Chemist: 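One structure follows; several queries about it will come next.
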Amino acid sequence: SALRGKGVMNMGSNKPDPARDFLQSASKAHVDACTLRRKIERLTAQIERITPTYSLAPGGGSTDRDAALVTLADLSREYQRKLVKAECVEAQVSAFVATIPGEDNREVLYLRYCEGLSWPQVLHAMQADRCCYSERHMYRIHGRALAEARIKWEEIQNEDNQNNETGDS
């Protein structure tokens with residue numbers, strides 16, 4: 001399953017928390033995806049600037065330009081590949097969050113991990129939807145949401161283990 005992974009120790013905790021680690025992978029993927037999109041835009045602009053010089057240059061351009069164009073195109077493909085991978089992680093985490101019971105639980109997890117918002121931004125977004133949230137209430141919802149995520153994570157792991165045992169027979 002795509003949700004399988006190893007738990008990494010979290011700061012301030014003595015035990016691994018693979019569900020939270022998985023949720024946090026979306027924040028990193030989101031940042032990576034944004035960075036890669038900007039890099040791809042810059043490379044595309046560079047390629048577009050180089051390409052018109054071919055028609056103006058005698059003989060269709062120099063080997064230096066050809067090499068530069070090939071290098072930029074290769075780099076662009078590599079960034080595209082990494083972008084697809086980051087977007088896949090984002091989609092997996094988003095799909096996982098969608099399975100968590102409770103609208104408030106899903107919202108706080110989505111805002112924090114899928115959107116990568118800071119705690120003040122999460123609070124502001126939640127207050128915009130519903131006016132009665134305090135910072136303390138938001139943190140309590142987050143704690144409940146993480147507990148639900150851990151339960152869901154265990155269910156998925158147990159299903160994967162059962163499927164692996166049945167497939168091995």
Side-chain angles (χ1 to χ4, degrees), residues 1-41 43-44 73-169:
S1 161
L3 302 180
R4 195 176 295 152
K6 296 192 182 198
V8 178
M9 297 275 207
N10 286 311
M11 294 262 206
S13 173
N14 292 330
K15 57 184 178 175
D17 190 348
R20 189 173 194 164
D21 295 339
F22 179 67
L23 289 168
Q24 288 173 331
S25 71
S27 296
K28 182 187 179 319
H30 183 75
V31 170
D32 289 349
C34 290
T35 302
L36 288 164
R37 284 186 196 100
R38 282 192 303 274
K39 286 181 177 184
I40 290 167
E41 285 176 19
L43 281 175
T44 301
D74 289 345
L75 196 53
S76 181
R77 277 191 295 278
E78 178 66 15
Y79 288 161
Q80 287 285 356
R81 186 188 62 71
K82 289 179 179 180
L83 176 60
V84 167
K85 188 175 177 181
E87 288 173 338
C88 184
V89 170
E90 286 181 301
Q92 289 172 344
V93 174
S94 185
F96 176 72
V97 167
T99 67
I100 305 301
E103 183 180 345
D104 288 345
N105 293 342
R106 288 188 300 274
E107 183 177 19
V108 76
L109 292 178
Y110 183 82
L111 292 170
R112 179 66 176 162
Y113 300 105
C114 299
E115 292 294 319
L117 300 182
S118 67
W119 285 117
Q121 291 170 321
V122 171
L123 180 60
H124 180 73
M126 291 183 77
Q127 287 172 336
D129 285 348
R130 297 171 207 79
C131 64
C132 301
Y133 288 114
S134 67
E135 184 176 356
R136 184 175 179 183
H137 188 208
M138 176 196 61
Y139 286 126
R140 283 185 179 163
I141 292 169
H142 180 254
R144 280 196 315 266
L146 281 179
E148 291 290 346
R150 289 178 187 112
I151 291 167
K152 182 58 75 174
W153 184 265
E154 286 299 316
E155 289 173 5
I156 291 169
Q157 297 307 303
N158 290 338
E159 287 173 16
D160 283 351
N161 290 338
Q162 288 175 354
N163 290 339
N164 288 338
E165 290 171 5
T166 339
D168 292 339
S169 307

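These figures come from a predicted structure and were not determined experimentally.
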Chemist: So, taking the atom named CG in Leu23 and the one named CH2 in Trp153, what distance separates them when rounded to the nearest 0.5 Å?
Modeler: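 Taking CG in Leu23 and CH2 in Trp153, the distance rounds to 8.5 Å.
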Chemist: Which pair of heavy atoms, one from Met126 and one from Asp104, lies closest together, and at what distance?
Modeler: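 Residues Met126 and Asp104, closest heavy atoms: CE-O, 4.4 Å.
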Chemist: Quick one: pull up CD1 in Ile141 and NE2 in His137 and give me the separation to the nearest 0.5 Å.
Modeler: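 One gets 4.0 Å once the value is rounded to the nearest 0.5 Å.
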Chemist: Of all the heavy-atom pairs spanning Ser27 and Gly116, show the shortest one and how long it is.
Modeler: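 Nearest pair, atom of Ser27 first, then Gly116: OG-CA, 4.1 Å.
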Chemist: Name each donor-acceptor pair under 3.5 Å that joins a side chain in residues 108-115 to protein atoms two or more places apart or in another chain, with its distance.
Modeler:
{"unit_1": "Tyr110", "atom_1": "OH", "unit_2": "Glu115", "atom_2": "OE2", "d": "2.9"}
{"unit_1": "Arg112", "atom_1": "NH1", "unit_2": "Leu117", "atom_2": "O", "d": "3.0"}
{"unit_1": "Tyr113", "atom_1": "OH", "unit_2": "His142", "atom_2": "NE2", "d": "2.8"}

Chemist: How far does CD of Glu155 sit from OG1 of Thr99, to the nearest 0.5 angstrom?
Modeler: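 If I round to the nearest 0.5 Å, the distance is 8.5 Å.
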Chemist: Can you label the angle between the Phe22 ring and the Phe96 ring as parallel, tilted or perpendicular, going by 30° and 60°?
Modeler: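 Perpendicular, since the angle between the ring planes exceeds 60°.
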Chemist: Side-chain contact test, heavy atoms from C-beta onward, threshold under 4.5 Å: evaluate it for Leu83 versus Gln80 and give yes or no.
Modeler: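 With C-beta onward as the side chain, the pair touches.
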Chemist: Yes or no on side-chain contact (heavy atoms from CB on, under 4.5 Å) for Asp32 and Lys82, after CA distance, side-chain angles and deciding distance?
Modeler: CA-CA 8 Å; Asp32 289 349; Lys82 289 179 179 180; over 6 Å; no
Chemist: For Arg150 versus Asp17, what's the shortest heavy-atom pair and its separation?
Modeler: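 Taking Arg150 first and Asp17 second, the nearest heavy atoms are NH2-OD2, 2.6 Å.
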Chemist: Rounded to the nearest 0.5 Å, what separates atom NE2 in His124 from atom OG in Ser118?
Modeler: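 One finds 10.5 Å between NE2 of His124 and OG of Ser118.
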Chemist: Applying side chain to side chain contact (heavy atoms under 4.5 Å, CB included), name anything that partners Arg77, two or more places apart in sequence or on another chain.
Modeler: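 So Arg77 forms a side chain to side chain contact (heavy atoms under 4.5 Å, CB included) with Ala73, Asp74.
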Chemist: Can you give me the closest heavy-atom contact between Ala149 and Ile100, atom names plus distance?
Modeler: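 The answer is CA-CD1, 3.5 Å.
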Chemist: Using 4.0 Å as the upper bound for N to carboxylate O, is an ion pair formed by Arg38 and Glu41?
Modeler: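 A salt bridge is absent here (no side-chain N lies under 4.0 Å from a carboxylate O).
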Chemist: Looking at every heavy atom in both Glu148 and Pro101, which two are closest together, and how far apart are they?
Modeler: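 Result for this residue pair: OE1-CG, 3.3 Å.
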Chemist: Is Glu78 salt-bridged to Arg81, cutoff N-O under 4.0 Å?
Modeler: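 Arg81 and Glu78: salt-bridged.
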Chemist: Given Glu87 and Arg37, is the salt bridge (charged side-chain N to carboxylate O under 4.0 Å, His left out) satisfied, shown in steps?
Modeler: CA-CA 11 Å; Glu87 288 173 338; Arg37 284 186 196 100; 2.8 Å; yes
Chemist: To the nearest 0.5 Å, tell me how far Glu135 CD sits from Gln127 CD.
Modeler: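 Rounded to the nearest 0.5 Å, the CD-CD separation comes out at 9.5 Å.
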Chemist: Quick one: closest heavy-atom pair of Ala33 and Glu90, and the distance?
Modeler: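 So the minimum-distance heavy-atom pair works out to CB-OE1, 3.9 Å.
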Chemist: Return the OG1 to CD1 distance between Thr35 and Ile40, rounded to the nearest 0.5 Å.
Modeler: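 The distance works out to 11.0 Å.
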Chemist: Could you go through Glu103 and Arg106, starting from their C-alpha distance and side-chain angles, then the distance that decides it, and tell me whether this counts as salt bridge (charged side-chain N to carboxylate O under 4.0 Å, His left out)?
Modeler: CA-CA 5 Å; Glu103 183 180 345; Arg106 288 188 300 274; 5.5 Å; no
